[in-house]
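In listed order, ligands and their atoms are each counted from 1. This chain uses plain numbering: 1 for the first residue, then up along the sequence.
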Amino acid sequence: MLSYEDARLKVIEVTAGLRRIPAREELKLQNSLGRILAQEIASDRDYPPFDRATRDGFALRAADCREAGAKLQVIGEIRAGGKFAKAVRAGECVQIMTGAAVPRGADAVVMIEHTRTGARENEVMIERVAETGMNIVPRGSESPAGDVLLRAATRIGYAEIAIAAQVGRTELEVYRKPRVAILSTGDEVVAVEAQPGPFEIRNSNGASLAAQAELAGAEAVPLGNAPDRIDELRQMIESGLREDALVLSGGVSMGKYDLVEEVLRGLGAEFFFDALAIRPGRPAVFGICRGKPVFGLPGNPVSTMVTFELLAVPAVDVLGGGDARPLPLLKAKLSRGVEQKAVLTHFLPAMLEWASGEATVSELPWQGSGDIATLARGNCFLVVHQSKLKLAAGEWVDVLPRRGLL
Ligand code: AMP
Ligand code: MG
């Protein structure tokens with residue numbers, strides 16, 4: 001059976017192979033967080049634009065301070081944003097503030113903490129040896145004018161926002177979000193606003209999948225629920241295939257009314273896998289149907305969530321014009337030993353805490369893959385890899401954060 005790592009690689013390869021180039025849109029800078037850049041951003045001038053002092057102190061000539069205790073004449077001061085016309089000559093210095101331009105003639109800045117007021121008027125004693133270039137970031141050393149600061153396909157985080165702001169961009173060209181159709185299946189499933197009968201349940205997967213799709217950077221297109229009947233299922237799947245990708249929940253197990261694969265096959269789907277060596281989530285299906293990636297995720301709510309995170313998120317990344325992000329695994333110390341029997345990689349509801357300087361993780365006792373109540377009491381999944389099913393208390397283990405929470 002396929003490992004989840006190989007399944008992710010397969011999804012990325014197949015989705016990238018579709019070579020879809022997303023449409024673009026222009027957004028205000030402040031609305032572009034989390035989006036994928038569709039253009040290059042270049043440096044509009046040298047950064048820093050001048051030789052910048054990185055400390056409050058004295059700008060001087062390093063040659064004057066080859067030994068500690070040099071006495072220099074203070075000829076003025078330079079504030080951040082200020083101009084200083086004169087040059088610094090031998091035996092002279094200028095008081096300078098962080099962010100100010102180092103004056104001509106000076107080639108080092110000594111921190112104010114390493115100086116003392118001298119005995120004579122306007123004299124300062126430099127208590128340290130100065131080295132050329134000390135506490136100065138030279139003009140253009142961060143990025144010269146014209147340098148590409150952000151390439152197209154970059155995901156826009158807060159540092160990217162800062163770069164765009166620095167070079168004066170108030171608008172950015174980004175890719176449109178991929179539209180991900182979400183269709184749950186099951187005769188027992190009713191709408192969230194409905195009153196379920198005694199043996200019916202509300203459609204929690206439709207809601208959680210839409211949330212996961214949005215967290216991943218997609219636009220969720222909720223299609224509601226399809227009954228376990230071929231014709232209606234086919235019709236709703238066909239409408240889902242009009243979007244950039246389709247995510248189904250339920251109907252992929254071995255039950256008599258698990259019809260998703262059969263219907264997809266009837267629509268000409270090509271499947272790349274229909275089982276993974278994971279729990280929960282083993283019967284997950286991935287294929288291409290009418291040129292669109294389709295995920296048939298198992299219907300048990302925790303299985304749906306785990307498989308969306310593992311499989312659908314990288315597809316959203318690629319369809320959105322970006323690179324597939326790595327799975328964001330953390331390391332934490334296991335608080336209590338864990339042992340799993342089935343030779344699969346397990347994703348167990350767990351709580352990650354920061355206690356006495358260390359990340360610790362504890363498995364939460366649960367009722368299996370339908371138990372979203374327990375899942376919602378924690379903030380992550382403890383990953384028990386199939387290669388090592390027994391983990392002792394105190395071991396460093398892998399943790400998959402619940403996206404958006406940690
Ligand atoms: P299935 O994968 O269709 O066999 O469903 C597995 C389990 O998940 C069953 O107990 C279903 O009732 C439940 N389930 C299926 N779809 C949903 C849904 N949309 N919301 C909540 N639970 C569901
Ligand atoms: Mg079902």
*Ignoring hydrogens, just give me the one of Val302, Asn203, Val260, Asp258 whose non-hydrogen atom is nearest atom 19 (N) of ligand 1.*
Asn203
Does [X] come within less than 4.0 angstrom of ligand 1, counting non-hydrogen atoms of the residue?
X: Gly255; value: no
X: Asn225; value: no
X: Ser204; value: yes

*Do the side-chain N and O atoms of Asn205 and Ser184 include a donor-acceptor pair separated by under 3.5 angstrom?*
no
*asked:* Looking only at the side chains, is there a donor atom on one of Thr154 and Arg151 sitting less than 3.5 Å from an acceptor on the other?
replied: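 There is no such pair (donor and acceptor under 3.5 Å, judged by atom type) between the side chains of Thr154 and Arg151.
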*Look at the side chain of Glu160 and the backbone N and O of Gly157, then say whether any donor-acceptor pair between them is shorter than 3.5 Å.*
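It does hold such a pair.
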Please write down residue, atom name and distance for the protein heavy atom closest to [atom].
atom: atom 18 (C) of ligand 1; answer: Asn205 ND2, 3.2 Å
atom: atom 10 (O) of ligand 1; answer: Asn300 OD1, 4.2 Å
atom: atom 2 (O) of ligand 1; answer: Gly299 N, 2.8 Å
atom: atom 22 (N) of ligand 1; answer: Ile201 CD1, 3.2 Å
atom: atom 9 (C) of ligand 1; answer: Glu188 OE2, 4.0 Å

*Should the pair Phe347 and Phe381 be assigned to parallel (<30°), tilted (30 to 60°) or perpendicular (>60°) ring geometry?*
perpendicular
*Can you list the atoms of ligand 1 that are under 4.0 Å from a heavy atom of Val189?*
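Those of ligand 1 that fall under 4.0 Å from Val189 are 16 (N), 17 (C), 19 (N).
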*Near Arg202, which atoms of ligand 1 are under 4.0 Å from a heavy atom of that residue?*
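Once the distances to Arg202 are compared, the set is 20 (N), 21 (C).
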_Does any N or O of ligand 1 fall below 3.5 Å from an N or O anywhere on Gly251, backbone included?_
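Yes: some nitrogen or oxygen of Gly251 is under 3.5 Å from one in ligand 1.
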